[in-house]
Amino acid sequence: MKSEPDAYGIDDLQQEKSTLWDGIRNYQARNFMRSMKIKDKAFFYHSNCKQPAIVGLMEVMETHLTDPTQFDKNSKYFDQKSSPENPKWDCVRLKYLGRYKKVLSLQEIKENYQSQKLQLIRKGNRLSIMPISVQIAIEFKERLGELS
DNA sequence: GCCAACGTTGGC
DNA sequence: GCCAACGTTGGC
């Protein structure tokens, strides 16, 4: 799952211990979130920054939560078409599990995962949530090593 | 700032 | 249901 560190980074999550992954306004990304189950793990990816990289690991605490920002007129994620009776957007709560001692940079991902494998990543590179295959996730984990 | 690679929208 | 036009994202 990706976030811009300026907006919300791994430091913020470490401090908060857990967070609502709200503000997702992309149907595909929302649907991926809907398919998540409690105890699922997710990589935290820093996007749109100096060193885009996987920096940490999270765990799904709660699923199918209503995204409160859709009703908040002061939020940039306010959605006029949504109502409490018929909410359009939901989110999950994620727990901080740790940050990796060594990050896995986008550059390194590109260097090592080409052709078909990279396409799996590319397929979702515009989403707030990037789906990757189980096999790639395992390989990423091996490359990332230990949490600190 | 550019632009490729998407996703969304709306007319038909 | 198609697809042209448009908007957004994110790496560079």
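Below, chain A is the first sequence line, B the second, and so on; all start at residue 1.
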Interatomic distance, [X] [atom1] vs [N] [atom2] [rounded to whole Å]:
| X | N | atom1 | atom2 | result |
| --- | --- | --- | --- | --- |
| A:Ile109 | C:dG11 | CD1 | P | 10 Å |
| A:Glu108 | C:dG11 | CD | P | 16 Å |
| A:Asp6 | C:dT9 | CG | P | 15 Å |
| A:Asn31 | B:dG7 | CG | P | 12 Å |
| A:Asn26 | B:dG7 | CG | P | 8 Å |

Exercise for the section: Please confirm whether A:Tyr27 and A:Trp89 have ring centers closer than 6.0 angstrom. Expected result: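 Ring centroids of A:Tyr27 and A:Trp89 are less than 6.0 Å from each other.
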
Practice task
Walk me through it: do A:Lys102 and A:Glu146 pass the test side chain to side chain contact (heavy atoms under 4.5 Å, CB included)?
Solution key: CA-CA 8 Å; A:Lys102 285 175 67 179; A:Glu146 291 180 21; over 6 Å; no

Exercise for the section: Look at the side chain of A:Tyr96 and the backbone N and O of A:Arg99, then say whether any donor-acceptor pair between them is shorter than 3.5 Å. Expected result: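 Answer holds: yes.
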
Exercise for the section: With a 4.0 Å heavy-atom cut-off, tell me which residues in residues 47-57 of chain A come close to DNA chain C, sorted by residue number. Expected result: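 Residues of residues 47-57 of chain A that come under 4.0 Å of DNA chain C are, in numerical order, A:Ser47, A:Asn48.
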
Practice task
Give a yes/no on whether any side-chain N or O of A:Tyr45 is located under 4.0 angstrom from OP1 or OP2 of C:dG11.
Solution key: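 Answer is yes, contact under 4.0 Å.
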
Handout entry: By ring pair (Phe, Tyr, Trp, His ring centres under 6.0 Å) - contacts of A:Tyr77 (at least two apart)
Key =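 Here no residue qualifies.
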
Handout entry: Nearest listed nucleotide, side chain of A:Leu106, among B:dT8, C:dG11, B:dG7
Key =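 My answer, after comparing the listed nucleotides, is C:dG11.
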
Handout entry: Side-chain cluster (under 4.5 Å, hydrophobic types only) that A:Ile138 belongs to, other residues
Key =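 Joined to A:Ile138, directly or through intermediates: A:Val134.
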
Handout entry: Between A:Ser18 and A:Arg93, a side-chain donor and acceptor under 3.5 Å
Key =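 There is such a pair (donor and acceptor under 3.5 Å, judged by atom type) between the side chains of A:Ser18 and A:Arg93.
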
